[in-house]
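Lettering follows sequence order; numbering is per chain, from 1.
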Number of protein chains: 2
Amino acid sequence: MTEAFFGKIALIGIGLIGSSIARDVKARGLAKEVSISTRSTGTLKRAEELGLGTSYTVSAADAVKDADLVIVSVPVGASGAVAEQIAPSLKKGAILTDVGSTKASVIAQMQPHVPEGVHFIPGHPLAGTEKSGPDAGFEGLFAGRWCIFTPVAETDPAALAKLRAFWEALGSKVDEMDPQHHDKVLAIVSHLPHIIAYNIVGTADDLETVTQSEVIKYSASGFRDFTRLAASDPTMWRDVCLHNRDAILEMLARFSEDLAYLQRAIRWGEGDKLFDLFTRTREIRRSIIQAGQDVDAPDFGRHGTSQKS
Amino acid sequence: MTEAFFGKIALIGIGLIGSSIARDVKARGLAKEVSISTRSTGTLKRAEELGLGTSYTVSAADAVKDADLVIVSVPVGASGAVAEQIAPSLKKGAILTDVGSTKASVIAQMQPHVPEGVHFIPGHPLAGTEKSGPDAGFEGLFAGRWCIFTPVAETDPAALAKLRAFWEALGSKVDEMDPQHHDKVLAIVSHLPHIIAYNIVGTADDLETVTQSEVIKYSASGFRDFTRLAASDPTMWRDVCLHNRDAILEMLARFSEDLAYLQRAIRWGEGDKLFDLFTRTREIRRSIIQAGQDVDAPDFGRHGTSQKS
């Protein structure tokens with residue numbers, strides 16, 4: 001029995017992230033019982049069909065009873081309501097964590113409800129795809145990916161070590177960070193890219209001079225890259241925007257300022273300014289590949305498939 | 001001997017596109033002779049080492065002598081100068097084409113130099129990767145991809161049919177379009193995505209509150225997708241910006257307007273507006289996959305590789 005083992009794990013929310021955790025827990029034998037709860041009866045039924053847990057209920061409060069580890073994987077806007085529902089049923093000594101993409105807001109929503117004796121450790125696995133729902137999850141989603149904890153002041157070191165061991169058993173690398181800093185980092189590496197992607201796809205969809213069928217037909221020229229991010233779960237991303245507002249607005253302001261500079265350079269034919277930026281950005285790509293954070297294969301290695309299209 | 005066969009093909013410029021054409025011509029036996037010309041002696045030497053042609057020269061004018069098909073694959077800003085250099089040496093009856101990402105500007109630059117009896121057919125294969133140079137090219141780059149011709153008024157139908165047969169022999173699907181319309185379509189499906197990608201990578205690089213090493217470390221959360229486009233050839237993209245200025249500025253203005261709307265919705269917590277956009281964009285992704293223009297695999301199918309990182 002490893003340090004990462006729990007008698008009972010409760011998974012509140014069973015979408016892409018929750019169901020991937022469930023699959024890993026099962027495959028690695030990290031719990032005796034896995035209770036699964038989600039508000040949607042359809043999704044709950046699907047989770048049961050997929051055999052993701054050992055018990056299923058629409059009541060989050062029922063699911064967390066006797067659980068040693070509770071993982072909340074819901075859109076961040078629902079964190080507070082979930083915490084309120086489960087609080088009276090949480091076992092003393094249990095670890096309560098989440099997987100939300102924003103941390104300050106989740107802490108503000110959940111912390112007030114956490115009973116004494118329950119170890120609340122906010123977390124965020126930086127993993128996922130543009131797909132959503134219990135069928136989108138898969139074993140190994142977290143392997144080699146970062147999981148960021150943003151522990152609160154009173155966090156128990158033993159509980160922290162145990163949760164760390166759990167994520168490491170899923171293959172993750174664990175980092176710790178201040179919640180405000182987490183929210184700024186994620187605003188630039190994740191939230192802004194998604195918002196920009198959603199925006200450009202919307203812009204293209206609204207054009208009158210270029211038809212939508214042309215946009216689709218010729219999308220391999222660059223546009224299609226953005227459509228992947230813009231196909232992500234709308235509820236999750238609405239909540240991220242609303243719950244990391246300040247950091248996102250700060251990054252958006254900088255982005256727009258830089259874009260205005262670029263736009264002016266294009267208007268006035270200032271080729272040197274364009275060339276300088278386009279050269280500098282190439283270096284960042286190189287560093288990302290060197291750091292093992294992306295594949296080096298041209299076109300994400302998808303060429304082999306796309307050329308058949 | 002197929003309709004796509006030429007006695008001699010001259011390739012002016014031997015980067016990603018030129019060298020991919022050279023590889024396909026060789027593999028499919030589409031020419032008896034292939035003369036290669038580029039201004040850089042280093043690149044020319046490399047092309048010879050790779051065995052891409054049958055003769056090599058820094059003089060574009062020498063390369064095109066007796067050629068039945070001349071393909072200019074240089075940054076669009078250099079099209080006029082190349083046309084001027086090769087004009088006196090072009091064979092009567094030869095087909096002259098290019099692969100530039102902007103068409104109105106290329107036509108304005110090249111057309112005045114084209115001698116009578118030479119068939120000038122502007123073209124644009126929508127294919128490429130973020131890599132550049134003769135080593136980046138590969139056989140099959142154009143297979144299943146669109147090649148857009150923007151024929152000028154006086155284009156000879158027989159020459160057009162022969163060039164079409166050539167690109168089809170490379171596996172391309174050929175379309176025809178008005179040059180101005182081409183430039184608008186490409187502004188949204190290709191130029192704007194690249195400019196936005198360059199811009200966001202620049203914004204991230206300039207932050208003080210988030211370090212560059214953090215941006216790189218956590219880039220898998222969305223940001224890395226943009227770095228691929230932002231690693232494209234700086235000279236090529238500077239020229240695209242300068243030579244498709246009006247269409248790009250129009251698309252940029254729309255994009256910025258839409259982004260301001262989104263920004264305001266975030267500031268004022270208008271979740272419905274965000275949700276509506278984020279739902280609408282998902283449909284476009286679905287259409288692109290249905291049209292066979294991207295892979296359906298989550299995360300471009302790169303997960304298998306990236307999870308090992």
Between [atom1] of [X] and [atom2] of [Y], what distance do you get to the nearest 0.5 Å?
X	Y	atom1	atom2	result
A:Ile248	B:Ile266	CD1	CD1	5.5 Å
B:Asp205	A:Ile188	CG	CD1	10.0 Å
A:Ile200	B:Asp258	CD1	CG	10.5 Å
B:Phe255	A:Thr203	CZ	OG1	6.0 Å
B:Asp233	A:Thr279	CG	OG1	9.0 Å
B:Ile195	A:Gln263	CD1	CD	9.5 Å

State, to 0.1 Å, how close [X] and [Y] come at their nearest heavy-atom pair, and which atoms those are.
X	Y	result
A:Ile216	B:Ser287	CD1-CB, 3.3 Å
A:Pro193	B:Gly222	CB-C, 4.0 Å
B:Arg145	A:Ala220	NH2-CB, 3.2 Å

Interface residue of largest heavy-atom contact number with chain B, from [options], under 4.5 Å:
options	result
A:Ser101, A:Ala187, A:Ser256, A:Gly202	A:Gly202
A:Ala297, A:Gly271, A:Ala260	A:Gly271
A:Leu186, A:Thr235, A:Asp276	A:Thr235

So what's closer than 4.5 Å to chain B heavy atoms on [X]: side chain, backbone, both or neither?
X	result
A:His191	neither
A:Ala127	neither
A:Met177	side chain
A:Ser172	neither
A:Gln290	neither
A:Ser232	backbone
A:Leu207	both
A:Arg267	both

[X] side chain to [Y] backbone, donor-acceptor under 3.5 Å:
X	Y	result
B:Asn199	A:Leu259	yes
A:Ser221	B:Leu126	no
B:Arg224	A:Gln293	yes
A:Thr281	B:Ala230	yes

At a heavy-atom distance under 4.5 Å, which candidate from [options] has the highest pair count against chain A?
options	value
B:Ile148, B:Asp272, B:Asp246, B:Asp175	B:Asp175
B:Gln212, B:Lys184, B:Arg245, B:His194	B:Arg245
B:Asp239, B:Thr211, B:Val215, B:Ile289	B:Val215
B:Glu257, B:His181, B:Lys217	B:Lys217
B:Leu249, B:Leu262, B:Val201, B:Leu274	B:Leu249

| said: Within 45 degrees of the ring normal and closer than 6.0 Å to the centroid, is that where the cationic atom of A:Arg238 sits relative to B:Phe278? | reply: no
| B:Glu214 side chain near A:Val189 side chain, heavy-atom distance below 4.5 Å | no
| request: Decide yes or no for B:Phe223 and A:Ile288: does some side-chain heavy atom of the first lie under 4.5 Å from some side-chain heavy atom of the second? | output: yes
Taking [X] first and then [Y], would you say they form a salt bridge - that is, a charged N and a carboxylate O separated by under 4.0 Å?
X	Y	answer
A:Lys131	B:Asp299	no
B:Asp206	A:Arg254	no
A:Arg228	B:Asp225	yes

| Is it the side chain or the backbone of B:Asp296 that comes within 4.5 Å of chain A heavy atoms, both, or neither? | both
| request: Among B:Arg282, B:Glu283, B:Arg286, B:Arg285, find the one that has a side-chain hydrogen bond (donor to acceptor under 3.5 Å, both in side chains) with A:Thr227. | output: B:Arg285
| request: Can you label the angle between the A:Trp146 ring and the B:Tyr218 ring as parallel, tilted or perpendicular, going by 30° and 60°? | output: perpendicular
| field | Check against side chain to side chain contact (heavy atoms under 4.5 Å, CB included), B:Leu192 and A:Phe226 | value | CA-CA 11 Å; B:Leu192 188 59; A:Phe226 291 76; over 6 Å; no
